[in-house]
Amino acid sequence: MIKWTALLLVPFLLTAESKFIGNSDLNRFEREELAFSLSFRGVAAARARMRCETLPDHLWRIQVDTDTKFWADLIFPVCNRYITLIDQPSGRVVQIEKKIKQKNLTQEMAVFYDYAAGRAHASHGFDWEIGDELQTLFSLLYQLRGMDPAPSDSLHCLLEIESQLWIVTGRVETSEPVDGSFADLPVRSIVLDFVPQRPMKPREWKTDLLTNRFGRQGRLILKMGPAPENLPIWMQIGGGTNPVSMKLLSRKKG
């Protein structure tokens, strides 16, 4: 049950000092490739690769591929691809695509964002209302990296996750370095909490593991390295008892 008192307080949290997550220049990440290890319940079960590039017609394209390791394939195989297209002049997400192949779901889907009409249109025939300025899962991550957030900053945006709209508020703090390949880098911790913008309606279609978990548990924690790369060294998706974590293994450019 939604706590409406929390919703009423949200406008007071979005003060003049709160920075909008968006309108970043993502050119610094062009042709960058990131490799992650994904863990569930403390066990590294999958890999993820992220790439950002520029397309004709002034678009940024973010592609994320996830697949399970061999032993996990035997239990719950996953081989998913997510694509996000962002209009460079406006900074708006204009299209997302996903191709899902996991044990319990095979799905291909595209969503087109029509800001003039205030609607999103999905390739499977559904449409829904959207806000004027919003982020989606992976645009949120890259926009955060592009805005160089500083400790003590407050942050906000509207997040759209396949027809469900969330008000996102968060803060930036200094944090301890993360063990592993980037243990020598200083770290900022960004904690984002999600509150439904309106009473939540169940989707009329099944969705994939990542999308479902991101929306269900209402929290994203990101540990970010220093500017200008602002590497996403470690992430935790979800605030429940079984969150998914992603740890950066490597970065290459070109």
(message) Any non-hydrogen side-chain atom of Glu162 less than 4.5 Å from a side-chain atom of Gln164?
(response) no
(message) According to salt bridge (Lys or Arg N to Asp or Glu O under 4.0 Å), who are the partners of Asp148, at least two apart in sequence or on a separate chain?
(response) Arg28
(message) Same cluster or not: Leu222 versus Leu185, using hydrophobic residues (I, L, V, M, F, W, Y) connected whenever any side-chain heavy atoms lie under 4.5 Å apart?
(response) yes
(message) If we ignore hydrogens and angles and just use 3.5 Å, is the side chain of Gln107 paired with the main-chain N or O of Lys206 as donor and acceptor?
(response) yes
(request) Would you give the length of the straight line joining atom OG1 of Thr136 to atom CD1 of Ile86, rounded to the nearest 0.5 angstrom? (result) 7.0 Å
(message) Assess whether a salt bridge exists between Arg92 and Asp132, defined as any Lys/Arg side-chain N lying under 4.0 Å from an Asp/Glu carboxylate O.
(response) yes
(request) Kindly compute the distance separating CD (Gln102) from OG1 (Thr66), expressed to the nearest 0.5 Å. (result) 8.0 Å
(request) Return the minimal non-hydrogen interatomic distance between Thr68 and Arg47, and the atom names on each side. (result) O-NH2, 3.3 Å
(message) One pair to check against side-chain contact (heavy atoms from CB on, under 4.5 Å): Thr54 and Asn27. What are the steps and the verdict?
(response) CA-CA 8 Å; Thr54 297; Asn27 282 330; 3.9 Å; yes
(message) Any non-hydrogen side-chain atom of Glu33 less than 4.5 Å from a side-chain atom of Arg49?
(response) no
(message) Under a 3.5 Å distance rule, please check whether Ser123 uses its side chain to pair with a backbone N or O of Ala110 as donor and acceptor.
(response) yes
(request) Report yes or no: does Gln135 contribute a side-chain atom to a donor-acceptor pair with the main-chain N or O of Glu160 at less than 3.5 Å? (result) no
(request) Give a yes-or-no answer on whether the side chains of Lys98 and Thr84 include a donor-acceptor pair shorter than 3.5 Å. (result) no
(message) Quick one, Phe182 with Glu229, criterion side-chain contact (heavy atoms from CB on, under 4.5 Å). Give me CA distance, side-chain angles, the key distance, then yes/no.
(response) CA-CA 12 Å; Phe182 299 92; Glu229 290 85 4; over 6 Å; no
(message) I'd like to know if Glu53 pairs up with Arg61 as an ion pair, taking the criterion as any Lys NZ or Arg NE/NH1/NH2 lying under 4.0 Å from an Asp or Glu carboxylate oxygen.
(response) yes
(message) With a 4.5 Å cut-off on side-chain heavy-atom distances among I, L, V, M, F, W and Y, is there a chain of contacts connecting Leu249 to Ile233?
(response) no
(request) Kindly compute the distance separating CG (Asp57) from CG (Leu85), expressed to the nearest 0.5 Å. (result) 10.5 Å
(request) Find out if a path of hydrophobic residues (ILVMFWY) with successive side-chain heavy-atom gaps under 4.5 Å connects Tyr142 to Phe194. (result) yes
(message) Tell me whether the NZ or CZ atom of Lys247 lies within the 45° cone about the ring axis of Trp234 and under 6.0 Å from its centre.
(response) no
(message) Using side-chain contact (heavy atoms from CB on, under 4.5 Å), reason through Met50 and Ile62 one step at a time and then give a plain yes or no.
(response) CA-CA 7 Å; Met50 295 186 186; Ile62 299 168; 5.6 Å; no
(message) Please give me the minimum heavy-atom distance between Pro232 and Phe36, naming the atom from each residue.
(response) O-CE2, 3.3 Å
(request) State yes or no: do Leu220 and Leu231 share one hydrophobic cluster built from I, L, V, M, F, W and Y residues joined by side-chain heavy-atom distances below 4.5 Å, directly or via other members? (result) yes
(request) State whether a side-chain donor-acceptor pair under 3.5 Å links Gln143 with Ser24. (result) yes
(request) For residues Gln95 and Tyr113, determine if any side-chain heavy atom of one lies less than 4.5 Å from a side-chain heavy atom of the other. (result) no
(message) Would you say that Leu165 contacts Arg198 through its side chain, given a criterion of any heavy-atom pair below 4.5 Å between the two side chains?
(response) yes
(message) So Arg251 and Glu32, do their side chains get closer than 4.5 Å, heavy atoms only?
(response) yes
(request) State, yes or no, whether a side-chain contact exists between Leu26 and Glu30 at a heavy-atom distance under 4.5 Å. (result) no
(request) Output the distance between atom CZ (Arg203) and atom CH2 (Trp128), rounded to the nearest 0.5 Å. (result) 8.5 Å
(request) Could you check Glu108 against Arg81 for side-chain contact (heavy atoms from CB on, under 4.5 Å), going step by step and ending with a plain yes or no? (result) CA-CA 10 Å; Glu108 291 192 36; Arg81 170 169 290 179; over 6 Å; no
(request) Drop me the distance from Trp205's CH2 to Ser163's OG, to the nearest 0.5 angstrom. (result) 4.0 Å
(request) Over all heavy atoms of both residues, which pair between Leu192 and Gly170 is shortest? Give the atoms and the distance, please. (result) CD2-CA, 3.7 Å
(request) With the side chain counted from C-beta on, respond yes when Glu173 and Arg188 share a heavy-atom pair under 4.5 Å apart, and no when they do not. (result) no
(message) Under a 3.5 Å distance rule, please check whether Asp127 uses its side chain to pair with a backbone N or O of His121 as donor and acceptor.
(response) no
(request) Rounded to the nearest 0.5 Å, what's the gap from NZ on Lys223 to CG on Leu248? Could you check? (result) 14.0 Å
(message) More than 12 heavy atoms of other residues, nucleotides or ligands under 6.0 Å from NE2 of His58: yes or no?
(response) no
(request) State plainly whether one hydrophobic cluster holds both Trp60 and Val94, where clusters connect Ile, Leu, Val, Met, Phe, Trp and Tyr through side-chain heavy atoms under 4.5 angstrom apart. (result) no
(message) Just checking Lys253: does its NZ atom have more than 12 heavy atoms from other residues, nucleotides or ligands closer to it than 6.0 angstrom?
(response) yes
(message) For the residue pair Thr169 / His156, report whether a side-chain donor-acceptor contact shorter than 3.5 Å exists.
(response) no
(message) For Leu159 versus Leu137, what's the shortest heavy-atom pair and its separation?
(response) CD1-N, 4.1 Å
(message) For Tyr82 and Phe138, take the angle between the two ring planes, folded into 0 to 90°, and tell me which bin it lands in: parallel under 30, tilted 30 to 60, perpendicular over 60.
(response) tilted
(request) Measure across Gly131 and Leu158 and return the closest heavy-atom pair with its distance rounded to 0.1 Å. (result) CA-CD2, 3.8 Å
(message) Do the side chains of Asp153 and Arg171 get close enough for a salt bridge, i.e. N-O under 4.0 angstrom?
(response) no
(request) Grab the two heavy atoms, one from Val187 and one from Val178, that are nearest each other, plus how far apart they are. (result) CG2-N, 4.3 Å
(message) If you define the side chain from C-beta out and look only at heavy atoms, does anything of Arg219 sit under 4.5 Å from Val191?
(response) yes
(request) Could you pull out all residues at least two apart from Phe112 that satisfy ring pair (Phe, Tyr, Trp, His ring centres under 6.0 Å)? (result) none
